[in-house]
Amino acid sequence: MAHDADVIVIGAGLAGLAATAELVDAGRKVILLDQEPEQSMGGQAFWSFGGLFFVDSPEQRRLRIKDSHALALQDWMGTAGFDRPEDHWPRKWAEAYVDFAAGEKRAWLHRQGVRFFPVVGWAERGGYDANGHGNSVPRFHITWGTGPGLVEPFVRRVRAGVARGLVELRFRHRVTGLSRSAGAVDTVTGEVLEASDVQRGRASSREVTGAFELTAQAVIVTSGGIGGNHDLVRANWPERLGTAPEKMISGVPAHVDGRMLAIAEGAGARLINRDRMWHYTEGIQNWNPIWHNHGIRVLPGPSSLWFDARGNRLPVPLFPGFDTLGTLEHIMKTGYDYTWFVLDQKIIGKEFALSGSEQNPDLTGKSIKDVIGRARAEVPGPVKAFMDHGVDFVVEKDLGALVRGMNALTKEPLIDEAALRREIVARDREIANPFTKDLQVTAMRGARRFLGDKLIRTAAPHRILDPKAGPLIAVRLNILTRKTLGGLETDLSSRVLTEGGSPLEGVYAAGEAAGFGGGGVHGYRSLEGTFLGGCLFSGRTAGRAAAKAVG
């Protein structure tokens, strides 16, 4: 039987590009399919901050961060909390990924021209014991050029494959079925959607203009997760995280809809860990949205005071940046789906970073001058734009006006000024001494012992009600959908497995569709900076394995 290609890759995000690039290097012929227009090539990675998880990197060593493979693996396993029979392959993938992050990952990317911001970030700090959740040391390496800078070398490699006649790009091709013609899954069917010139990220037409049927020796599914499909998010919402939010905002466009997961499952694939997901608690509505219900995540430093909808301070260790999923679980058990940061201009100017390539024009544009300008600014431009235009922001000179503004943003006026003042004044008293019983103040001071945080990420401890630090700011935080941690179960060769545990012959999966490897490499929680790397590692693995299989 004559095939249309050696391999069909479904999904032109980062995992699909990495897989296709490896197939090109092996001389295989590839058809790359995606339901979106060509201008959306790179998928969600393009919109990302470009954070990558490395272990014992040159950047860490220059900042006197002592990291090791053993410490990283301890952190990963303590964070993942693997506890199910189906965690066999996710655990294997976790071990392999830490090997990769502590080994050739950085050098492999460096050879392709990827460079990194010299200051390492410290996301997901945990706050529990040594075997619990969180990064023991800073490991969040920001790509110079953010998401677009990471995507570019893989787009370049794929386009080189097009020039060599090895890759055929077929955008606006929406897959509807996988089937067999002789044993292995070798046939991909679907609909051709009408051409679209919408800007990247904006909703494209779903008008069908035709049908297609293609065959290949192997198929790689790299179609992403379910974050844009709120109905599916709610259907898979776990009881351990409380009741699903009534209101959510979207960290990804609507086309991240999970439809390919159901199609693969219908063809015999095993989908595991559906209830494991990674949604952010610090979401703000984008004042200048690209897609419908577009939300941006605040990447906070440790100093903002965090209150629930009724004005109660969140418990230890649920401080900004410490335990995303632990915080989500607590919030959803309060009966409300929003919380508040209360801070001042001194804190927001130094501690607020906004996730996303478009929110970081200095890093995305690779401008040293603009990076220096950001560091010198009282409040960085993108953050100031949210202060001025964001519907979730209240900026006032005194606490009474701040509380009135907070209550005006919600259905019920739940914040009591006197109670809120007591909490803030009590915290401010703790600033007077170098020692304290307030563990958030201890955490702030501990963060400033790391040079990177002291220079650009953590404000000097001060009283929030000090007029010199003002004005006061309150930020309403929403639940922001983002990543799917479960997915198609795969072995260490990225082969998709069936319910019986045997390979679904001819089918591979990578990226978020595979739970970033194995069907759930992160377990219940993530260490951050591991999503993009998971796409790269699993995509590379799938491409190399499929190339070998069809050779």
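Just so it is clear, the structure is predicted and the values come from calculations on it, not from any experiment.
By the side chain to side chain contact (heavy atoms under 4.5 Å, CB included) test, Arg202 pairs with Val198, Gln199, Ile290, sequence neighbours left out.
The main-chain N or O of Met248 is never found under 3.5 Å from a side-chain atom of Asn478 such that the two would form a donor-acceptor pair. Counting only distance, with no hydrogens or angles, the side chain of Asn135 and the backbone of Leu527 share a donor-acceptor pair below 3.5 Å. With hydrogens and angles disregarded, no donor-acceptor distance shorter than 3.5 Å links the side chain of Glu213 to the backbone of Thr187. Put simply, the side chain of Lys105 gets close to the backbone of Phe53: a donor and an acceptor are under 3.5 Å apart. Without hydrogens or angle criteria, Thr364 side chain to Ser357 main chain gives a donor-acceptor distance under 3.5 Å.
When side chains are defined from C-beta on, Leu485 does not count as touching Asn273, because their heavy atoms never get closer than 4.5 Å.
With ring centers used as reference points, Phe54 lies 6.0 Å or more from Trp108.
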Tell me which donor-acceptor pairs under 3.5 Å the side chains of residues 512-520 have, and how far apart each pair is, sequence neighbours excluded?
residue, atom, partner, partner atom, Å
Glu512, OE2, Thr484, N, 2.7
Glu512, OE2, Thr484, OG1, 3.3

Between Arg84 and Asp275, is the salt bridge (Lys or Arg N to Asp or Glu O under 4.0 Å) condition met? List the steps. CA-CA 12 Å; Arg84 298 174 176 174; Asp275 62 322; 2.7 Å; yes

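Pairs of residues two or more places apart, or lying in two chains, that qualify as side-chain hydrogen bond (donor to acceptor under 3.5 Å, both in side chains) and include a residue from residues 225-239 are His230-Ser250.
For the pair Arg200 and Phe46, the cation-pi criterion (under 6.0 Å, within 45° of the ring axis) is fulfilled.
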